[in-house]
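Reckoned from all heavy atoms, side chains included, excluding hydrogens, waters and symmetry mates. Atoms within a ligand are numbered from 1 in the order they appear, just like the ligands themselves. The structure displayed is predicted, hence computed values, not measured ones.
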Amino acid sequence: MVGAVSSLAAVTLFYSCAVNKTANLASGDAAGKVYVPPGSYDTYYAFLSGGYNGQIGVYGLPSGRLLKFVSVFSQNPETGWGYNEESKPMLQTTYGFMPWDDSHHPELSQTDGVPDGRWLFINGNNTPRVARVDLTTFETTEILQIPNSAGGHASPFTTPNTKYIVSATRFSVPIPNNDVAIESYKKNFKGTLSFITADQPGKMDIAFQILLPGFNYDLGHAGKGPSDGWFFFTSYNSEQANEKLELNASQNDKDFIAAVNYRQAEQCIAEGKARTAPADYFHNVMDEKSHQARSERKSTVKMLDPSSCPGMVYYLPTPKSPHGVDIDPSGEYIVAGGKLATVIPVHSFSKLQKAIADKQFDGEVEGIPVLKYSATIAGEVQKPGLGPLHTEFDGKGNAYTSMFISSEIVKWKLGTWEVLDRMPVYYSVGHLMIPGGDSKKPWGQYALSLNKITKDRYLPTGPELAQSAQLIDISGDKMKMLLDFPTIGEPHYAQALPAELIKDKQLKYYKLSENTNAGVVRAEREGGISRQGKRVDIKMAAIRSHFAPDNLEGVQVGDTVYFHVTNIEQDWDIVHGFAVLGAENSELIVAPGATRTLKWIPKATGVYPFYCTDFCSALHQEMQGYVRVSPAGSNTPLIANISKKAAAQIAKSEKEGHEQHAPAGGGR
Ligand code: K7E
Ligand code: CUA
């Protein structure tokens, strides 16, 4: 075994030396093919996972221009995501407030197996979660934690109508998790597959979980067409090793793809065969009217054991620690990436059905029938390259597989399994992405190679160099390299769709009249300051180019101050920011019509300026104000300098309430 590993290392070395480090593979007309003149739009939106930054980068293709950074699982001080009071509940988990994750797989919602531009989902690996991003606002609107899981890697791949997205645990753990000896792995550790209802925004939930043997579950994809109703998950470590996996999880010649008949699972649930299992997880939703996220904690799931639901799960032996599992557009072929395999194995769905009918079994694992490799295999791509990871399709009968070790994209033909073309990429490609390339109707045209290592491709930037994407023209017989561009974050997977599908559906501003945030002001006169005990609330309007109120007094050391800033503009792209001297969190960035709240605990007396951080007009630099902080117990009155008329209105409403609320247009 040691021999096998060191020869792999030797191969890796050999390949890194063999590539021409200064190669420029782009041919003469490449520049023209990626040039999008000033004033013109790109033709595709591409969504690249941010890897260990936990976010999503939105790029235009073919230019490779970065358009937007969508905050998902990680706090982002640039937008205040996870810092402002409205979004904090989005990052709540049973482990507490979780300001970071590692996100690998963006997945577009689909209708009839084709990306439809409604939502983008993405997984959190470390604290297993899935998130929904609304593609009219490019905002994260929902996050669901995955219970009974310890690594949400095979996620959030969708079924053809987005009825479910999935999450499978990468690490098997005791379920429910508890204090056991690690060496009791084989006895106590299990894996789970989670099916999550996804077609109702705001209502994601665990539809059911399936309890599986303690392997590592890696990736998944739904069937389509004839294989609609099935889901396929790769696994490795069928050895169930719990130490030195590098060696011990590569012993078996074959690991497994789990083929899951989820309609059978639904049937079993309908027949009452699921048990109610303990679970502990959060569901967080951003309310689009109040702009305030809410969290709900849940405590049970429906759990299915394969033994109580025959016909639900089968294992397909697949060579050597498979990684990706990708279903071709016809739904017939199930392509596995075998990280350490020398071939690309392709299973056939029709053969799988026949093998089940004919009971072509090769034993079982913990009650799950194992199908004979020879009974399900459709073919093997011979000598594809080294380290096949992921495959996408062009919809014209061709498949494209990324080769991590030999750093290339290999094009091959479905059905004949012959290699048609190779394109070197720089370097160590993980996923590749073709727009719609995992769907029923790929748009083809481009392949994007998502590379881990760039070495000499960009200006060096200290010990860590840029990660990168490379755009390849796949419209002809031969692939053509068009463009290198660096990416923010480590792109694992990506998705893309034609810009036409979503560009005209963008929300231009939130309607102020519909804003129900507790701190909203819909007009300048509604601003003010109020105190309840040691809590001070300041409601403020932001409009070009001032805050109302902009002078505040009566705050004391020891108070907790909430600045509720409403951007009362009703105009596209007019965003205001808010930052106050000494705040320990971040700025606020407030979209037109929205309210955002900053919590501030002043620690010392003095006068603190605040200002707008987003350059919004010629008088942006004048968009500022002051808040005075007096000693604890001081009798400085609460003052907020808004207009006299507004002050009178507030004074009137105050007589009716009992809360101390001082606006006072300059009225000391
Ligand atoms: Cu291959 Cu996490 Cu999809 Cu990265 S995974 S490469
Ligand atoms: Cu508002 Cu700058």
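If you check the side chains of Ser545 and Glu622, you find no donor sitting under 3.5 Å from an acceptor. Under the 3.5 Å distance criterion, with hydrogens and angles disregarded, no donor-acceptor pair is assigned to the side chains of Asn451 and Gln467. Residues Asp484 and Gln470 bring a donor and an acceptor atom of their side chains to less than 3.5 Å of each other. Between the side chains of Asn515 and Thr595, at least one donor N or O sits under 3.5 Å from an acceptor N or O.
Both cation-pi conditions hold for Lys455 and Tyr427: the charged atom is under 6.0 angstrom from the six-membered ring centre and inside a 45 degree cone around its axis. For the pair Lys339 and Phe404, the cation does not sit on the ring face, since its NZ or CZ is not both under 6.0 Å from the ring centre and inside 45° of the axis.
For atom 1 (Cu) of ligand 2, the neighbouring protein N/O/S atoms at less than 2.8 Å, given as residue and atom, are His576 ND1, Cys612 SG, Cys616 SG, Met623 SD.
In this structure, His620 has its ring center no closer than 6.0 Å to that of His576.
When each atom of ligand 1 is checked for a heavy atom of Lys452 under 4.0 Å away, the hits are 4 (Cu), 6 (S).
Residues His291 and Arg596 are in side-chain contact: their nearest non-hydrogen atoms beyond the backbone lie under 4.5 Å apart.
Counting only distance, with no hydrogens or angles, the side chain of Gln495 and the backbone of Leu108 share a donor-acceptor pair below 3.5 Å.
Counting only protein N, O or S atoms closer than 2.8 Å to atom 3 (Cu) of ligand 1 gives 2.
Taking the six-membered ring where tryptophan is involved, the planes of Phe138 and Tyr45 are tilted, since the angle between them lies from 30° to 60°.
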